[in-house]
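Here is the structure we will look at, set down as structure tokens.
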There are 2 protein chains.
Amino acid sequence: MKEVTLKEIAQELGISITTVSKALKNYTDVSPKTRKAVLKLAHKLDYKPNSFAVNLRTQESKTIGLIIPEIVHHFFSSIVNAIIEKAEKKGYLVITLQSNESLELEKKQIDLLLDKRVDGILISLSNNTKTIEHLQKVIDHNVPLVLFDKITKLLNCSKVVIDDRKAAYDATCHLINSGCKKIAHIRGPLNPQNAIDRFLGYKKALEDNKITFDKSLIYTCEKVTFEEGYGFAKQIHTEQKDVDGVFAVTDPVAIGVIAYFNEVGIKIPQQISIIGFSNWFMSSVISPSLSTIDQPGFEMGKSALKLLLKEIKALKKHKEFQHQTIVLPTGVIKRNSTLNYFSKN
Amino acid sequence: MKEVTLKEIAQELGISITTVSKALKNYTDVSPKTRKAVLKLAHKLDYKPNSFAVNLRTQESKTIGLIIPEIVHHFFSSIVNAIIEKAEKKGYLVITLQSNESLELEKKQIDLLLDKRVDGILISLSNNTKTIEHLQKVIDHNVPLVLFDKITKLLNCSKVVIDDRKAAYDATCHLINSGCKKIAHIRGPLNPQNAIDRFLGYKKALEDNKITFDKSLIYTCEKVTFEEGYGFAKQIHTEQKDVDGVFAVTDPVAIGVIAYFNEVGIKIPQQISIIGFSNWFMSSVISPSLSTIDQPGFEMGKSALKLLLKEIKALKKHKEFQHQTIVLPTGVIKRNSTLNYFSKN
DNA sequence: GTGCTTTTCGAAAACGATTTCGTTAATAAT
DNA sequence: ATTATTAACGAAATCGTTTTCGAAAAGCAC
């Protein structure tokens, strides 16, 4: 099935390719009569512009690149969901890649996207991204770049984040307000800014409530998984530290903690309270349901895309563009893994 | 930052564009000396072929399209995961779109991908896909097409599926073997083949075990959600039908069922056994953990992509290609929401 | 009819790579 | 020395669209 081109339409009507092109693109210098004829034939032949040619000529691909650490992740798949949907509505398609938390892959994928000449790139950094030359390269190539969620402050570009520090502060305060005196924190890896900020928020909450920080109550995840949560819960239990509250860096870890305490018959939230982070779907359906932090994935995807498209548009018009950092609000979701303070005593 | 072209390399070396192109592409008619010079300069200038031009010239995009009903779904995100990863290794990038279970969107997206001139399309159909002209169009345009998971038998193309009927049969038999006598089935919508096949497998299992089929024990989901599962469980409970087993069309529904029975204090699996389908991550961490069917998402993505790339390659060489249907194996995962038959009595 | 403006059109040059085919120069064969 | 062969290169067409710029045609005023 041969695809229809401008040339064929032109020949059939006995006019030039130029005129056909103009007729289809609302140029003013084509008479109503010929325009109508062109439109009619184009429709009849189901003419579709060859995107390869359009790309080459206009130097834009109407495609954006998206790199995330992992797609099989409720939070990230929500973000991808938002981005794909909104992009489509604005006439852009999305090429998605996942770095699997590997800096090497991330670099390679940036190159792939630049080679493809995408019109812009959205990225949430891997946990192992410690250097930023590959990201700087994007900017140097004049390709708009927006970082979201897992970002670096070292880069001069637009960003969309939540206030991890404040959210963690709120989560910890919720534990304190519900009566917890000795709160353990299962934190994320040492490198990513999120994990650091959440740790700092936890620490600040203790300070503000006159609870002395105890380094031995900090447990550090590598993979941030259910299994690690389960393991640390066991450790907390056997170490006998009278811990009465756990703030976990993310829901799967918190659920691992719950699973362990359920198993050994420790009552949640009566004996120990647990709070997670991110509000994964499953958190509302486990028992007890998990209190957690609402992290607006869909909103984040939407905002990041919006910023990117704005920058793409500005670039196209050769206008200056002011980079922005958008901080989205979070909230504490109180469920049954923590006591609410009406039932404190 | 201006991108380097063949022309610039040619000018700098005082040779023709043709020779530069050939030197970079292992043509035999260029002397070792000039080849070395070209390679060196190309590397120094960080030359990258303009993909727009390459696309136009070679008439291929090295891009494939992927349409799924919903990405925020453990099974589908696993598939996407596999496809993206394997495609990248084979030199293809993936444009992902989601139909949100809408036929209209699905049609539009097929058009978008054809307009983009992707080299092939992978699709899992929406629940509302009752017509197939838009899919036939893909084939008519000579674009390789592979259906996976949610397919239609009406189309002559390659497919990758599981044997839903057998899997459902196995799930139901597991309930029967563990002592259930009266088994309800919460099925999926009436249209998609999967839901039909699972229902048929359930029915066959009853037959083979001399249990008479009772139409009133069939409950039909529309959205296939946790909430529906919860609602139907309530209905089952209030209708007082002495049901001692539930086979749910998919895990979230089963988890809704578990949530309800947990809430009203009915013991699982002692009083009622539950089995789901798909093995979502959360199914292993809820309490009681959910017995379910292992549906190999990653494998499915891998196989579908492999078939697609084979067909793309065959098309490129103008060779005949024999469409295949691959059926992937499933298994019953026995957890704590069903009795295993050692403890039957 | 002359001069002027306004419509309407099309030739041609991009965009950047690939590939066919022809040409020259160098080498081998006779 | 002459012819045949091979090695090395490049001109030019092609992919299909967009857009600039110039030219022809038509309309209008005088």
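A note on names: the letters A, B, ... follow the listed sequences, proteins ahead of strands, and every chain is numbered from 1.
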Is any side-chain N or O of [X] closer than 4.0 Å to OP1 or OP2 of [N]?
| X | N | answer |
| --- | --- | --- |
| A/Thr19 | C/dG10 | yes |
| B/Thr5 | C/dC15 | no |
| B/Gln59 | D/dG16 | yes |
| B/Thr58 | D/dC15 | no |

To the nearest angstrom, how far is [X] atom [atom1] from [N] atom [atom2]?
| X | N | atom1 | atom2 | result |
| --- | --- | --- | --- | --- |
| B/Glu60 | D/dC15 | CD | C1' | 13 Å |
| B/Leu6 | C/dG16 | CG | C1' | 7 Å |
| B/Leu13 | D/dC9 | CG | P | 11 Å |
| B/Ile15 | C/dT23 | CD1 | P | 22 Å |
| B/Lys22 | D/dG10 | NZ | C1' | 8 Å |
| B/Arg57 | D/dA12 | CZ | C1' | 11 Å |
| B/Lys25 | D/dC9 | NZ | P | 18 Å |
| B/Asn26 | C/dA17 | CG | C1' | 16 Å |

Using 30° and 60° as the class limits, which term best fits the ring planes of B/His323 and B/Phe321: parallel, tilted or perpendicular? perpendicular
Using atom types as modelled and distance alone, determine if a side-chain donor or acceptor of A/Ser303 lies under 3.5 Å from a backbone N or O of A/Met300. no
Short side-chain to backbone donor-acceptor contact, A/Arg117 and A/Leu56, under 3.5 Å: no
Residue B/Val54, side-chain heavy atoms: nucleotide from C/dA17, D/dT17, D/dC9 that is nearest: C/dA17
Counting heavy atoms from C-beta on, name the nucleotide in D/dT17, C/dA17, C/dT18 closest to the side chain of B/Tyr47. C/dA17
With a 4.0 Å cut-off on N to O distance, would you call [X] and [Y] a salt bridge?
| X | Y | answer |
| --- | --- | --- |
| B/Asp119 | B/Lys316 | no |
| B/Lys302 | B/Glu85 | no |
| A/Glu299 | A/Lys306 | no |

Derivation of the side chain to side chain contact (heavy atoms under 4.5 Å, CB included) call for A/Ile64 and A/Leu305: CA-CA 9 Å; A/Ile64 63 175; A/Leu305 182 79; 3.2 Å; yes
At what angle, to 10 degrees, do the two end axes of the helix from C/dG1-D/dC30 to C/dT30-D/dA1 meet, given five pairs define each axis? 60°
More 5' along DNA chain C: B/Leu56 or B/Tyr27, using each one's nearest nucleotide? B/Leu56
Of B/Asp29 and B/Phe52, the one whose closest DNA chain C nucleotide lies more 5': B/Phe52
Donor-acceptor pair present, B/Thr18 side chain and D/dA11 base, under 3.5 Å: yes
State whether the distance check finds a donor on one side and an acceptor on the other, under 3.5 Å, for side chain A/Ser16 versus base C/dA11. no
Once you apply a heavy-atom cut-off of 4.0 Å, does B/Ser31 come out as touching a base, just sugar-phosphate, or nothing? sugar-phosphate
Select base, sugar-phosphate, or nothing to describe what B/Ile17 touches, counting heavy atoms under 4.0 Å on all strands. base
Is there side-chain contact between B/Leu122 and B/Ile68, with heavy atoms separated by less than 4.5 Å? no
